[in-house]
Student: 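Mind looking over this structure? Questions follow.
As the structure is a prediction and not an experimental result, all values here were calculated from the model. Labels below follow one simple rule: chain letters A, B, ... track the order of the sequence lines, proteins then strands, and each chain is numbered from 1.
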Amino acid sequence: MNESLLPGFIIAIPILGATLPLALGLFRQQVGWAVAAVVLALETAIATVLAYFIYVDGQRVVHALGGENYGRREGAAGGYESESFAVGIELVADALSGAMILLIATVALLVLAFSRRSGPRGNAFYSGYLLLTGGLMGVAMTGDLFNLFVFLEIVGLATYAMVASGRHASAAVAALKYLIIGTAGASLYLVGVGYLYVQTGTLNMVDVSNSLAGNPEWIDGPLYGDPLTLGAFAFIAVGLATKAAIYPLHTWQPDAYAESPDSVTIYISALVSTLSAYALARITWNVFTPEFFAATANAEWMLNGLLVLAGLSVLVGSALAAMQRRVKRMFAYSSVAQFGLIVIAIGVAVHPEAGETATQFAVYGVVIHLLAHAIIKGGLFASAGAFRAGNHATTVSDYAGLAKRRPFLSAAVAVLGFGIIGVPPTVGFIGKWYIGVGAVQAGLWAVVFVIFASTLLTLVYIARILEKLYFDYQPEDAPPHAEASDAIATDGGNADETTQSGFLGTTPSLSVGMLAVVAIATLLSVVLGFMGSELTDAVQPIADAVIENSPEVGSND
Amino acid sequence: MIEILTSRYTYLLFAILLVIGLYMVVASSNLVKKVIGLNLFQTAIFLFFVTTAYVAESGGEQGMASIIPQDAQAYDPYASPLPHVIVLTAIVVGVALTAVALALIVRIYSEYGTLDESTLREVRADE
Amino acid sequence: MSEFLTVVPPSVVLLAAAFAVAFLPRLSGHVIGAASTLWLLAVALFAPEGTYWEIEFLGFAGAVFMEVDSLTQLMGIAAGLLATAAVVYAYSSDAPKVMTAFALSYVASTTGVIFSGDWLTLIVWWELMAVTSTLLVWHHGGDAIRAGYRYAIAHGIGGSLFLFAVIWHLAAGGGMTLAGGIEVGTVAPLSDLGIGADMPAILAALGIGVNCGFIGLHTWLPDTYPRPHIAASVFLSVFTTKTGAYVLLQAFPEGGMLLAYLGGAMAVYGVIFALLQHDMRALLSYHIMAQVGYMTAGIGLIAASGDIGGAGAVMHAFNNILFKALLFMAVGVVIYRTGIEDLYELGGLWRKMPLTAAAFALGALAITAVPPFNGFISKGMILDAADTGYFAGGNEIVYWMLFIGAIGTFLSFIKLGFYVFLHGEYDGMVKDATFGQSAAMFSVGAACLAVGIPGIWQTFAGYAVGEGLATGAIDLAVTDLDPYSVGHLMDAAILLTISVISFPVIRRLLYKIGHVSDMNVILNPATFYSGKAGVLAVTESFGAIDRAGIRFVRFCYWVGSNPVTAAQQGTGWLPGSVRPAFADEEHSPDGGEVSRLYLRAGIGMTVLLVGIVLTVLLALSL
């Protein structure tokens, strides 16, 4: 089989599959979960094969959509003999996107296991779920700036719908807030893309990057100093920072995370902002490249501005997290802080002050921390969901003394919490470590201070929750109905439809699937913590590309 | 300055429309008006793309619609088709977004009985 | 034959045992725990010296998970021996098995620190040590939780500083291996970093200083150690501080007179405060500070007198692990049987608890450096390093500070023993130590005695002066040491005489201070010393920093647990037009929290913010 078809399949299959639950729903009810499971299993298989080609064979798999007439061909453009711009849309699977597709496939499958019991049920939900997965895959794979906008909006649309699938109307309010702010962000991104298009005449990332560098013969020197280019970066950075929920553009995020159903929260917390940050990294590193930021003082100021925002994000996000009473909001604000760290590292990697090793470490930090945050935060939200399902606990004070009744879940929260603080040997430590070392190597001392402060601030709110769980036995905090009714719940039925309508709609009971998701996230966070060198080997091509200002993340052979 | 204003006025319009749209989103507390503002904001961006495609004059000829006959010269001044296609896609995305937004608003209205953001906040604070 | 000992690092074995203890039944779990600590002992005793498990770790080549040299052997022997006794002690003191599991994971991380052969591995285990010891404190619940929180914050800050130092050290091109310490003044690229070249060294000193209980950084010590389970105190008293001293030596293999003075000051400061305590475990905790002061002084004195200071410090760490744990065990038994922590409420216990009294006596004789106990050997080595007479170098001031410290040690242990075991009568029925407790205490007590006996101490001193230390300044051999010389014995006799004579004199005074002042006065050096002379101004400022630190941590904690009230109070002073709505909300009548905190920005506000941020970035770009 030709592996260059795989990047196409990996996007097309879930999007086509998204039609099935609705179509089959005409004939049978409750078919959505099964369809989603089959599609996502296939998806995971493809992602694995593709990852094999990327990481083991060391290939850069490119697929040009639209058949043989499209893609990159030798040709004459105007009076210039040259390799012309790529025609049509390219899908690129390289060391950077490979990590993302593996993450997306795994998380999608795991959350599916979680949602079996927790819901929301209904075929429409699973259509949206598959659409969202397809959109995320598209964001990861695409090598085209405008196509990235389209996939971002597909992701956005599906996410808004999924957030609104919470039973309570406050979910709709949160979704609308997310929609308006998210669309504003995406539109700003589109303006930036428009500027780049006007500047270079192409939308292909590699071509845009080459044109900005002034490589084609018909361009007189680099375009880095042009106000249009500088403005394009400003628009794109702000647009994607909004999507990634960087302070003070984060306000949609805690509402959206807190109001949506638990399974949706896990999914979007693990993936949606992650992919936006990925897009920011991809564009900053491979399209604009470090040379852009070194070329003019203005670009460096912009980058510093972005670093300031990200630093604020870390500090304020952590402080706000420590102030929350609802656990889901606490974790949501914690994500604001963590994405601040990631954006810091994205910026450090291309900072003119950063030498080769600093860039290398910062790149390691970004990719590993993206993965680490997705796994750990997904696991934490899954635990929060399981606690709500099993013990009706939603606020920090509800968690008092739950360690006695839920030793396994509590231990998982402890391990994952240490992961988010960055205690070795979890993967959270490795990510934070490389970000820290990168910043030290680059000599950005203010940034270094923020990173170290973030560890302590994270300790404050994680310690608060752990203390409640393990060392607080206030009987009045345990609601009388909290006796878990998970013993042998009647399976799969609609029992929950008839009974409680809790704070977020139905309150289903704890299931094996939920516990499995928590367990796998916990295990992954520790196991990956021991695989630091394997991870950095996988990431090495990206670091090389950034160091060499190359738009193409090459192979590692 | 005048020259730019007369020949490039569409860019100015883009900026004005964009800001009007943003202002609506910021200033109006009515949710539907916010969505209308968002639409205006996006429309401005579409117009920007369309504007970039237009070739005012090249080699003494006005830019033509990019319907290319078989015997066309290679470098006739055609308006670039690509931004048009892009805008078409973006419009579709915009319509879908509007639809979702309106659906959410319908649900919010049926639940809270108001479309005003500040009233909504008060209603929800009592929950 | 002994190669199989290095197949797995001992810390991994201990971690596995910790898991086993948590899940197995109590007895079999403790047996496995003790077996794992014996394994550690075996590794320390018999593993061939050398480097094992050299790997690439976190992007840095040359990480050494396990390195065996004479210093790690010495520390490993102490840790293995003591941990075994402590597991037995924990088992027979009704410690919950989860506590023992935490304790073993704590021993594992300590072992990891001791056996690491490079800075990176060391810092990883170091941070784990902070986490596991916090868990050990927390597990007891009650008072220990708040103390544990302060402990966690203190060690979080210390750990971050040390981590920062290590990163800086590595980033500046310093070597991965421990050899040479954090000695960055000579590393060329550092001057390019723009900040003082000694910055990593300062950070490392502060970071390690938290663990060692440097003056000003010590508050967690008497705050934490008296609170957890008695068996947990035994573990805690041994590992964190002594590992701190060991790492301090690794970081500053060439010493520094600043450290020597600091160590001397710690010895004095520690014993004075120890004398004033009436909580038994708090008294012992201040003694930890004093004893680590000796080690710090020894390390610092390397600069003046060469290897004898370092060797003395390591030897003293080794001995201190044994006798300090023994004292905590004995005091623990008293608390276990009587439930009383205040020494003035006890008395005459030697009739009821002869075994415990005997064990305590062994420990007290060892810590006060009476020959032929082990403390005599090592304290003598450090005093020799300070004495201008014995070896080249030395320092009068440090010597006298350490001398005063030694007198104070005598006094406070006479005080402890006198009030707990001798003075008056204890009415009521009290049983003596259980069999397991006695076995643990006497095996450690026997070790305290044995290590001091001529013919045996040479073996252990041999480790201390082995090639693990070798800074190359002076070639030190065991034969250079002569603890049982007339001069040394005379010193010990003088010390003992002064102490025995002065105790009745100051006894009344101590009793008065101990009773008149509450704990706050004692814990607040600033208040206590306010009338004293200029030298103590330093102490005062340290005290202020101390209180500010503790207050800040308390404040953070309060904000964390009452976020809404905090936000309300914090915004109350704002003018009405800007003040958020929640600032005006009433407290609920029962003094509870404000109902809801509305800090969320609306849609319009956020979009405005997006616009503002965009404008700022665009402005920067033009």
Student: Rounded to the nearest 0.5 Å, what separation is found between the CG atom of C/Leu135 and the CZ atom of A/Phe418?
Tutor: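 Reported to 0.5 Å precision, the distance equals 5.0 Å.
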Student: Let me know if A/Val396 has heavy atoms under 4.5 Å from chain C in its side chain, its backbone, both or neither.
Tutor: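 Interface part for A/Val396: neither.
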Student: CG/A/Leu303 to CG/C/Leu620 distance, rounded to the nearest 0.5 angstrom?
Tutor: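 A/Leu303 CG to C/Leu620 CG: 10.5 Å, rounded to 0.5 Å.
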Student: I need the residue from C/Leu161, C/Leu618, C/Leu609, C/Leu614 with the largest number of non-hydrogen atom pairs under 4.5 Å to chain A.
Tutor: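 The option with the most such pairs is C/Leu614.
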Student: Considering only heavy atoms, which portion of C/Val610 lies under 4.5 Å from any heavy atom of chain A: side chain, backbone, both, or neither?
Tutor: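 Both parts, backbone and side chain.
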Student: Pick one of side chain, backbone, both or neither for A/Phe233, based on which atoms fall under 4.5 Å of a heavy atom in chain C.
Tutor: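 Contact with chain C involves no heavy atom of A/Phe233 at all.
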Student: Starting at CD1 of A/Ile451, measure out to OG of C/Ser160 and round the result to the nearest 0.5 Å.
Tutor: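 It comes to 12.0 Å.
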Student: Would you indicate whether A/Glu356, at its atom CD, is surrounded by more than 12 heavy atoms from other residues, nucleotides or ligands within a distance under 6.0 Å?
Tutor: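 No.
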Student: How many angstroms lie between CD in C/Glu127 and OG1 in A/Thr455, if you round to the nearest 0.5 Å?
Tutor: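 So the CD of C/Glu127 and the OG1 of A/Thr455 are separated by 9.0 Å.
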Student: Of the options A/Leu188, A/Ile246, A/Thr242, A/Leu249, which is the one that meets C/Val613 in a side-chain contact (heavy atoms from CB on, under 4.5 Å)?
Tutor: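 The single option meeting the side-chain contact (heavy atoms from CB on, under 4.5 Å) with C/Val613 is A/Leu249.
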Student: Relative to the ring of A/Trp445, is the ring of C/Phe164 parallel (under 30°), tilted (30 to 60°) or perpendicular (over 60°)?
Tutor: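 Tilted.
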Student: Return the set of residues passing side chain to side chain donor-acceptor pair (under 3.5 Å) with A/Gln360 (not counting sequence neighbours), or none when no residue passes.
Tutor: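 Testing A/Gln360 for side chain to side chain donor-acceptor pair (under 3.5 Å), a comparison that skips the adjacent residues, returns A/Tyr364, A/Gln540.
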Student: Which answer fits C/Leu128, side chain, backbone, both or neither, if we ask what part of it has an atom under 4.5 Å from a heavy atom of chain A?
Tutor: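 For C/Leu128, the contact with chain A is made by the side chain alone.
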Student: Non-hydrogen atoms of chain C under 4.5 Å away: do they reach the side chain of A/Ile421, the backbone, both or neither?
Tutor: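 For A/Ile421, neither part sits under 4.5 Å from chain C.
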Student: Is it true that, when you exclude C/Phe19 itself, more than 12 heavy atoms of the residues, nucleotides or ligands shown sit nearer than 6.0 Å to its CZ?
Tutor: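 For C/Phe19, atom CZ is not crowded (no more than 12 foreign heavy atoms under 6.0 Å).
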Student: Between A/Trp433 and C/Leu163, is any pair of side-chain heavy atoms under 4.5 Å apart?
Tutor: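 Yes - at least one pair of side-chain heavy atoms lies under 4.5 Å apart.
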Student: Rounded at 0.5 Å granularity, tell me how far CG in A/Asn298 sits from CG in C/Leu617.
Tutor: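 A/Asn298 CG to C/Leu617 CG: 12.0 Å, rounded to 0.5 Å.
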